[in-house]
Protein chains: 2
Amino acid sequence: MIITPMQQSLISHFGEMGSRWGLNRTLGQMYALIVLTEQPLNADQISDALLISRSNVSMGIKELKSWNLIKLQHIPGDRKEYFSAPKDIWEIARTLIIERRKRELDPTLSTFRDALLQDPANEADKYTQQRVQDMHDLMEMVTIWSTELQNMSSDKLSTLLKLGSGVGKILDAKDRFLSK
Amino acid sequence: MIITPMQQSLISHFGEMGSRWGLNRTLGQMYALIVLTEQPLNADQISDALLISRSNVSMGIKELKSWNLIKLQHIPGDRKEYFSAPKDIWEIARTLIIERRKRELDPTLSTFRDALLQDPANEADKYTQQRVQDMHDLMEMVTIWSTELQNMSSDKLSTLLKLGSGVGKILDAKDRFLSK
DNA sequence: TTGAATTTTCAGTAATTTCTGAAAATTGTA
DNA sequence: TACAATTTTCAGAAATTACTGAAAATTCAA
């Protein structure tokens, strides 16, 4: 498993960014390696390439599996497991959106609902509930969006994103449009 | 600075979630406290309420300032600085989107551009560049979107989000619509 | 200016997270 | 079934991150 300088610099960068995304350095590096390599890789190859222990790779794979970010493959005549990333970058993006929502939004939404069901004990609680209500409504809408994206084909997702700076125009004319 | 049980449970939750967002526990708790309290708070009140050291609060405030998440206020006759969050939840959301983009996307986009400018040394590099190109294009579109959101009023942002499950419909009819 | 009030910095410590090697568990084939 | 190959687990070590108290710096009113 030889890594080119270009790959190395990208892998390092993903490592540094890894922690800013909910992952960690090693996980970022592992995923970069898998995404940037055409052939599926086995755990030993990953361990060699990134100079990390075999057991660390095993834990990393477990985590990447829990994120649904890797595909598992078998090569005939080889007992090792091989890992690869989806070739469709939109599929990866979609998965990331879904998984981040699960981890970052869903638990909070549920906590918000609990708080809103309680009787406010005093003025402070009343104010708190107002704010929670606002945050709840916002997060719920983001959730609806992400569900929509989840069920969207790569083509459609791509079209939507390319709409980019056209969003404003659509909104300006939305009423006219929706009334047709 | 008395905290109600309702506030306490929300603050705890924000603390736990804090690390899943690029913040940390204390920062999450601090921001929850500030958002959920109607009155602006000073550093000592935050320190008291959350049972953390005054210096920790100072560092937290510095961080929240760098995220543009808090407003600084002065109360006549009081030399202390008071902090509050925007009352408009959309403004907070907008700020979060911008700041997360700055931290999570921009540096990566720049690394991608560097890699794409290089001459591929071999087949592996050619494949790597293909994948980088895909990721680059996707991230650039997300960036354009976030810039759009950045310049959008709260009203408009709210309208867009509420569109929710209407997005698919809009896309289906996009061509018809845009040709008008 | 001066000095009390307030905020910030920072070195050392504490807490948390990540990583490793060794051992246990699992898998698949002969 | 037996066993070699492979993967997973996990306790302890290493690395990183967060927190504190004390001291330095800043602010502002008199």
Side-chain angles (χ1 to χ4, degrees), chain A residues 1 11-34 40-67 69-84 103-104, chain B residues 1 11-12 14-34 40-67 70-84 103-104:
Chain A
M1 191 58 227
I11 288 170
S12 297
H13 179 80
F14 268 69
E16 284 157 35
M17 297 306 285
S19 33
R20 299 205 186 170
W21 287 73
L23 320 168
N24 64 39
R25 181 155 35 86
T26 306
L27 223 55
Q29 293 182 344
M30 283 181 57
Y31 203 56
L33 178 66
I34 293 171
L41 299 173
N42 65 43
D44 285 325
Q45 291 174 310
I46 296 172
S47 171
D48 284 356
L50 302 180
L51 302 173
I52 57 179
S53 74
R54 179 63 185 73
S55 56
N56 199 2
V57 172
S58 181
M59 295 195 298
I61 287 170
K62 192 177 165 189
E63 186 85 2
L64 288 176
K65 275 181 189 165
S66 86
W67 278 79
L69 284 171
I70 47 173
K71 294 181 173 187
L72 203 148
Q73 278 170 284
H74 281 283
I75 290 185
D78 190 337
R79 276 176 64 178
K80 287 195 172 71
E81 292 191 310
Y82 284 78
F83 305 96
S84 63
R103 289 165 169 78
E104 299 179 1
Chain B
M1 191 59 227
I11 289 170
S12 297
F14 268 69
E16 283 157 35
M17 296 305 286
S19 35
R20 298 205 186 170
W21 287 74
L23 320 168
N24 63 40
R25 181 156 33 88
T26 307
L27 223 54
Q29 292 182 345
M30 281 181 59
Y31 202 56
L33 177 67
I34 292 172
L41 299 174
N42 65 44
D44 286 324
Q45 291 175 309
I46 297 172
S47 171
D48 284 356
L50 302 179
L51 302 174
I52 57 179
S53 74
R54 180 63 186 72
S55 55
N56 199 4
V57 172
S58 181
M59 296 194 296
I61 287 170
K62 193 177 164 189
E63 186 86 1
L64 288 176
K65 275 182 190 166
S66 85
W67 277 79
I70 46 173
K71 294 181 173 187
L72 202 148
Q73 276 170 285
H74 281 281
I75 290 184
D78 190 338
R79 277 177 61 179
K80 288 195 172 70
E81 293 190 309
Y82 284 78
F83 305 96
S84 63
R103 289 164 170 79
E104 299 179 0

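Naming: A, B, ... by sequence-line order, numbering from 1 per chain. Heavy atoms only: backbone and side chains are in, while hydrogens, waters and symmetry mates are out.
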Problem set entry | Qualifying residues under salt bridge (Lys or Arg N to Asp or Glu O under 4.0 Å), relative to B:R103, sequence neighbours excluded | B:E99
For this session: List in chain and number order the residues that pass side-chain contact (heavy atoms from CB on, under 4.5 Å) with A:F14, two or more places apart in sequence or in another chain; answer none if no residue qualifies.
Result: A:A32, B:F112, B:M135
Seminar exercise, completed: Closest non-hydrogen contact found for B:V57 with B:M30 is O-CE, 3.8 Å
Problem set entry | Nucleic acid contacts of residues 40-58 of chain B, taken as heavy-atom distances under 4.0 Å to DNA chain D | B:I52, B:S53, B:S55, B:N56
Problem set entry | Contact nearer the 5' end of DNA chain D, comparing A:F83 with B:T26 | A:F83
For this session: Check whether any side-chain heavy atom of B:K65 lies under 4.5 Å from a side-chain heavy atom of B:L72, and answer yes or no.
Result: yes
Exercise. In residues 16-25 of chain B, what residues come within less than 4.0 Å of DNA chain D, judged by heavy atoms?
Worked result: B:N24
Problem set entry | Distance in angstrom units between B:I75 CD1 and D:dC28 P, rounded | 15 Å
Seminar exercise, completed: Scanning both residues in full, the closest heavy-atom pair of A:P40 with A:Q73 reads CG-OE1, 3.3 Å
Problem set entry | Rounded distance (Å) that lies between atom C1' of C:dT29 and atom CG of A:D78 | 14 Å
Exercise. OP1 or OP2 of C:dT9 sitting under 4.0 Å from any side-chain N/O of B:K62?
Worked result: yes
Problem set entry | B:L27 CG to D:dT17 P, straight-line distance once rounded to whole Å | 15 Å
For this session: Starting at atom CE of B:M59, determine the distance to atom P of C:dC10, rounded to an integer number of angstrom.
Result: 11 Å
Exercise. If every non-hydrogen atom of B:S53 is compared with every non-hydrogen atom of B:S47, which pair is closest and at what distance?
Worked result: C-OG, 3.8 Å
Exercise. With B:E104, which residues qualify under salt bridge (Lys or Arg N to Asp or Glu O under 4.0 Å), at least two apart?
Worked result: A:R100, B:R100
Problem set entry | A:K65 vs D:dT8: side-chain N/O to OP1/OP2 distance below 4.0 Å | yes
Exercise. Between D:dT27 atom P and B:L72 atom CG, what is the distance in whole Å?
Worked result: 12 Å
For this session: Would you indicate whether the side-chain heavy atoms of B:R54 and B:S58 approach each other to under 4.5 Å?
Result: yes
For this session: Starting at the 5' end of nucleotides 23-28 of chain C, put B wherever the base has a protein heavy atom under 4.0 Å, S where only the sugar-phosphate does, and a dash everywhere else.
Result: ----BS
Seminar exercise, completed: What one should report as the nearest heavy-atom pair of A:F83 and A:I34 is O-CG2, 4.1 Å
Problem set entry | Close side-chain approach of B:E16 to B:R25, heavy-atom, < 4.5 Å | no
Problem set entry | Minimum heavy-atom distance B:L27-B:N24, with the two atoms named | N-OD1, 2.9 Å
